[in-house]
Protein chains: 2
Amino acid sequence: MRDVAEHAGVSVRTVSNVVSGYPHVSATTRERVQRSLDELGYRMDFLAKGLRSGRTGFVALAVPFLAEPYFAELAQAVIGAAARRGITVLVESTAGDSEVERKILSGGLTNVADGVLFSALTLPAADVGSAVPDFPLVMLGEHSVGDHLPRVGIDNVAAARTAVAHLLDQGCRRVVALGRNASENGRQRTEGYRQAMAEAKVRRVNWFEVPVDDWTRAEGYAAVAELLEGDGPLPDGVFAFNDALAVGALRALDASGVRVPEDVAVAAIDDIQEAAYTHPPLTSVAPDLDAIAERALDLLEEQGRHKADDDDPAPVPGRQEATPFRLVVRASSQHRPAAG
Amino acid sequence: MRDVAEHAGVSVRTVSNVVSGYPHVSATTRERVQRSLDELGYRMDFLAKGLRSGRTGFVALAVPFLAEPYFAELAQAVIGAAARRGITVLVESTAGDSEVERKILSGGLTNVADGVLFSALTLPAADVGSAVPDFPLVMLGEHSVGDHLPRVGIDNVAAARTAVAHLLDQGCRRVVALGRNASENGRQRTEGYRQAMAEAKVRRVNWFEVPVDDWTRAEGYAAVAELLEGDGPLPDGVFAFNDALAVGALRALDASGVRVPEDVAVAAIDDIQEAAYTHPPLTSVAPDLDAIAERALDLLEEQGRHKADDDDPAPVPGRQEATPFRLVVRASSQHRPAAG
DNA sequence: GTGATCGTTTGCAACGATGCAAGAGCCAGT
DNA sequence: ACTGGCTCTTGCATCGTTGCAAACGATCAC
């Protein structure tokens with residue numbers, strides 16, 4: 001920038017004014033500086049700008065596994081929403097490592113990012129306690145830290161209830177819930193399953209919850225394969241807590257010759273792109289990822305503004321925003337067996 | 001850091017020495033500073049460090065669509081490899097917008113990242129010409145800019161040839177190549193297909209190339225659906241240029257009641273995780289993503305060092321690194337129809 | 001003609017860290 | 001006792017940019 005100033009015969013400050021669009025710059029000067037800018041191929045140094053102004057224009061997004069379709073699609077949505085606001089996204093993958101997650105929550109990304117969007121899996125709740133971070137932070141999806149942290153995501157209980165109610169509507173009598181684990185997400189979707197089963201007055205003997213460790217295709221496959229090998233009564237419906245589990249379940253059912261949806265109907269949550277191409281296509285609850293991304297960025301900006309205004313106001317009440325979702329019905333759940 | 005220095009009763013420079021592990025610091029001082037560090041919850045400012053030292057510890061990864069499984073898995077591999085080196089990855093999604101791609105190549109990410117890994121789809125070859133960027137850059141996969149830019153990826157011709165040869169080995173007589181488009185990648189995989197067909201002395205009448213725009217499930221589905229509706233002779237093998245196309249193809253075949261692999265064998269390239277869970281599981285060529293990520297980062301660091309050494313040496317000859325791949329055979333290609 | 005006002009431009013300091021080289025204190029060797 | 005060499009510590013300048021407020025010149029009203 002110094003070079004540009006010299007080349008244009010003005011002060012560095014004036015160059016800065018031109019670059020940052022300061023209104024009180026004469027047209028002739030602006031043009032001359034602009035020419036020098038182009039000629040010398042000037043590129044702004046983000047670091048210096050960030051250092052001086054305290055804002056970097058970056059937002060960090062931390063997800064457990066970027067290679068999981070759901071998180072990849074979420075990341076894509078966040079990147080798109082951020083791009084519309086002129087914000088760049090820094091994507092971090094925690095690999096479900098609670099050490100990494102703890103570092104992020106304790107501010108490991110501060111002053112490189114203006115804010116952090118955090119989709120936590122195994123959250124080190126104990127370590128975090130009720131401490132409020134000293135930087136803009138919005139949680140995506142459920143977490144177990146407490147409601148003092150702002151959060152954006154679908155209502156998991158309602159989403160699960162919707163999926164299970166749909167299966168019951170289709171005539172299922174014995175619906176298995178596949179996917180309970182240690183996560184808060186797992187707890188809530190289990191709750192939704194139970195509510196739907198209770199509401200439909202399904203007899204307790206037909207309730208069945210299959211636990212897993214992770215919500216992956218492999219675990220879904222293994223769990224259902226084991227279920228089919230067992231000597232218990234077979235289910236006529238499977239509610240998988242996410243699409244990856246459902247994909248694994250479908251594969252296991254297919255491998256065992258169980259027909260979907262004739263023998264077993266399947267529904268899940270996430271509606272990843274893959275869901276439209278499974279065998280058969282998968283019924284799934286679709287969260288509005290764009291809405292999640294937009295709302296999350298709104299909340300981040302809001303926190304950023306509050307920080308700037310006062311010194312330390314009540315740092316934004318932990319708002320819990322529920323974004324819309326809808327049930328996408330595909331072939332995997334469309335059967336109507338004879339009542340029984 | 002100033003606060004810490006004051007609190008510990010030393011100069012800021014000494015604090016810096018402790019933080020950066022400078023050896024000549026007495027044990028007592030080090031300990032005292034460390035205590036103040038912890039007590040005040042000091043966190044290093046990456047921006048200031050980067051501004052002063054000229055290195056940020058960031059590497060940018062630009063991919064067309066993060067939501068595409070292949071790129072998501074690639075990103076995960078890069079993030080993992082970078083983490084092992086203490087490098088943080090900044091993921092950018094170009095959305096196949098050549099405007100964005102041009103910006104990246106002209107250095108839009110410089111001085112925020114020490115280097116750029118670029119997986120280009122539609123590359124604005126004309127705009128770039130043979131200009132060598134003034135920052136460390138490594139291309140991932142094929143591109144059409146020319147060989148003056150270093151590149152890491154599998155040998156696409158060989159990979160395609162391997163997949164097609166496998167289908168022919170399985171007894172296929174009429175193999176369709178699905179996926180030719182304007183990309184360099186498409187050109188090369190087409191070339192591999194032709195080589196394999198020629199090598200096996202397949203009669204020209206049985207060669208068939210189906211073009212698409214993008215390598216997505218939707219396009220794969222549409223292309224195969226159209227093929228099945230047509231009145232031409234049906235193929236007994238489909239070679240899809242990537243797994244997404246294959247997934248779409250499998251769905252279309254399934255929907256039309258065509259049996260895989262009995263009627264049509266299918267193979268593709270990428271071996272995304274989803275490939276193991278399709279109906280039936282998909283035979284695919286698996287690139288070694290970890291190797292790609294590691295080599296790419298190696299080349300970046302090498303370029304970084306060269307930059308540091310001299311002023312402007314021949315900026316690293318455009319090395320073209322071919323990483324290993326292997327064919328993963330699954331059910332989608334395992335048939336042996338009667339010779340015909 | 002003179003002072004007030006406005007638009008435009010500028011100098012200085014600062015953001016938080018590190019490179020450099022010099023200063024302070026200590027010990028051993030002569 | 002003096003010097004050289006060592007370890008440990010420090011001050012100063014600097015990276016590229018922007019906030020702040022003053023300075024500058026010109027126009028305007030009286």
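The chains referred to below are lettered A, B, ... by the order of the sequence lines, with proteins before strands, and numbering in each begins at 1.
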B/R55 atom CZ is separated from D/dC15 atom C1', nearest whole Å, by 15 Å

- Message: Is it true that B/Q76 and A/S93 share a donor-acceptor pair across their side chains at a distance under 3.5 Å?
- Response: yes

Touch check for B/S16, heavy atoms < 4.0 angstrom, all strands: base, sugar-phosphate only, or nothing?
base

Using the rule given for salt bridge (charged side-chain N to carboxylate O under 4.0 Å, His left out), can you reason through A/D298 versus A/R295, listing the C-alpha separation, both sets of side-chain angles and the distance that settles it, and then say yes or no? CA-CA 5 Å; A/D298 285 347; A/R295 286 305 296 143; 2.8 Å; yes

* Asked: Hey, does the side chain of A/S26 come within less than 4.0 Å of C/dT9's phosphate (OP1/OP2), counting only N and O?
  -> yes

Closest to the side chain of B/T29, out of C/dT9, C/dG19, D/dT9, is D/dT9

Report yes or no: do B/D114 and B/T56 form a side-chain donor-acceptor pair below 3.5 Å? yes

Exercise. Could you check whether A/Y22 gets within reach of a base, just the sugar-phosphate, or nothing at all, counting any heavy atom under 4.0 Å?
Key: base

Should we say atom CZ of A/R85 is surrounded by more than 12 heavy atoms from elsewhere, each under 6.0 Å from it? yes

ask   = Is there a donor and acceptor pair closer than 3.5 Å between the side chain of A/R13 and the base of D/dG19?
value = yes

Side-chain heavy-atom pair A/Q303, A/P150 within 4.5 angstrom cut-off: yes

Item checked: B/R43 side-chain N/O to C/dG16 phosphate OP1/OP2 under 4.0 Å -> no

Closest to the side chain of A/M44, out of D/dG11, C/dA17, D/dT17, is D/dT17

Note: for B/T28 and B/L51 on DNA chain D, the residue whose nearest nucleotide lies more 5' is B/T28

When rounded to whole Å, the CG to P distance for the pair B/L47 and D/dT18 reads 13 Å

Among D/dT10, D/dT7, C/dG16, the one nearest any side-chain atom of B/V10 is D/dT10

Compare side-chain N and O positions of A/K49 against OP1 and OP2 of D/dG16 and report whether any pair is under 4.0 Å apart.
no

Among the nucleotides C/dT10, D/dC15, D/dT17, whichever has the atom closest to the side chain of A/N17 is C/dT10

Separation of C/dG16 atom C1' from B/M1 atom CE, nearest Å, is 8 Å

A/D3 CG to D/dT17 C1', in whole Å, measures 14 Å

Picking from C/dG16, D/dT9, C/dA14, the nucleotide nearest the side-chain atoms of A/R52 would be C/dA14

In whole angstroms, the gap separating C1' of D/dG16 from CG of A/L37 amounts to 14 Å

Between CG of B/D45 and C1' of C/dA14 the distance, given in whole Å, is 13 Å

To the nearest angstrom, the NE2-P distance between B/H24 and C/dG25 comes to 19 Å

From CZ of B/R30 across to C1' of D/dT7 the rounded distance in Å is 13 Å

Requested in this report: Ignoring backbone atoms, establish whether B/T14 has a side-chain N or O less than 4.0 Å from OP1 or OP2 of D/dT10.
Outcome: yes

dist B/F65:CZ -> A/E73:CD (nearest 0.5 Å) comes out at 13.0 Å

